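Just so it is clear, the model here is predicted, and its values are computed rather than measured.
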Amino acid sequence: MRSPPLAAPARLWLQEALSAAGLPADAGPDALAMQAEGRAMRDTLAADLATLPGLQTILALGPDEAPRPGGEAPPAAVSSLARLRGAAARHDAVWAIAPECGGELLAWAEAVAAAGRARWIGPRPEAIRRASSKGLTLAAWAAAGLETPAPDQAAADAPWIVKPEDGAGGLLTHRHPGRAAAEAEAARRRAAGEAVRVEPWIAGEALSFSLRVPPDGGAPELLACNRQRLHWRAADGLAVAELGPVDSGALDADPRRPAWAAWAARAVAALPGLAGFVGIDAVLSPQRGLVGLELNPRLTSAYVGLPPARRRALLRAVLADFGLGPDAPAGARPPVSEGAAC
């Protein structure tokens, strides 16, 4: 259900995983690139939140960051999860940006719910759990009649890919010329303890959709139709995926947008409990139409590329869904027992 309004000024804690934790001195280029992407999302969101009345945003700074207004330095020898748990006990709301990898986003959502005070700006934990698994997501979409990279619809000698079951950003995603080579790589990675998926490669235009999903089960709003920049580079005999910058809103004027909005609404409905900003990755196949790949139950980098005025209008709507910000109905803060409502 829609969250009751909070009295202004509400205190909102904003924490992004790779920024708050910092990186080791020997971090590789992939980790550095992911941290830069996460920090860009965090800083853009923080700047937009600062323009809204009735809200005080406190930013979780990392150990490698200089002090700044509105930021809070990390305490010594405290994990990111423990830090978030402590913040949830003393703030009115929490907005977290974390990857689904390793269950991190899920653990954060559960920690905020367990604290019993702060409002979590995002999906319910059970929705995050399903969306964090590509297998569970694709099974739900297939059951809803949506196209997915079904193995029984591809030839064994066509291109196949191996990807992490809970990966993000195209990391550790490899393409092979046939299924046998992909299965061999998957077997090696599973033997090393990694959870991976083997799927047929879907040729077509890589897209993503940014949505606002009301927490009361209302109809999702398609915010932006984005073009993904996917490249493949040769490394160690493999074709390795690399995602470039997202062209945010590049396809908003496409005449197919109404059909895409209807498709995205079905994809959201197949995973109950979603709320807030949600991103969906898909491929527009010439033969099969839209083929769903995965869902990100959180803010994505597509937000950064939208025009500022548009971002802030969307932000006001999302916050109002959770009883925060200038567009939330006037009212008093709910009892503590209701503070973890999603």
Is there a path of hydrophobic side-chain contacts, each under 4.5 Å between heavy atoms of I/L/V/M/F/W/Y residues, joining L146 to F209? yes

All ring pair (Phe, Tyr, Trp, His ring centres under 6.0 Å) counterparts of W13, not counting sequence neighbours: H91

Is there side-chain contact between [X] and [Y], with heavy atoms separated by less than 4.5 Å?
X	Y	value
I202	R288	yes
L84	V112	yes
W120	P125	no
F322	P215	yes
L105	P297	yes
R229	D247	yes
D254	R256	yes

Does the distance from a Lys or Arg side-chain N to an Asp or Glu carboxylate O, for [X] and [Y], drop under 4.0 Å?
X	Y	answer
R227	E205	yes
E72	R11	no
E165	K134	no
R117	D92	yes

Counting distance only, does the side-chain N/O of [X] pair as donor-acceptor with the main-chain N or O of [Y] below 3.5 Å?
X	Y	result
T300	V278	no
E104	P99	no
R257	L222	yes
R83	P75	no
W141	E294	no
Q15	S80	yes
R310	L223	yes

Could you measure the distance from the [atom1] atom of [X] to the [atom2] atom of [Y]? Nearest 0.5 Å is fine.
X	Y	atom1	atom2	value
R298	S132	CZ	OG	9.0 Å
L45	L315	CG	CG	6.0 Å
N226	S208	CG	OG	3.5 Å
S19	D43	OG	CG	7.0 Å
L14	I58	CG	CD1	9.5 Å
E126	L106	CD	CG	9.5 Å

Quick one: which residue pairs count as a ring-ring contact (aromatic ring centres under 6.0 Å, His included) with a foot in residues 61-86, not counting sequence neighbours? none

Output a table of donor-acceptor pairs, distance under 3.5 Å, between side-chain atoms of residues 258-271 and any protein atom two or more places apart or on a different chain; print 'none' if there are none.
from : atom 1 : to   : atom 2 : distance (Å)
R266 : NH2    : A144 : O      : 2.8

Residue pair L61 / P67: nearest heavy atoms and the distance that separates them: CD1-CA, 4.2 Å

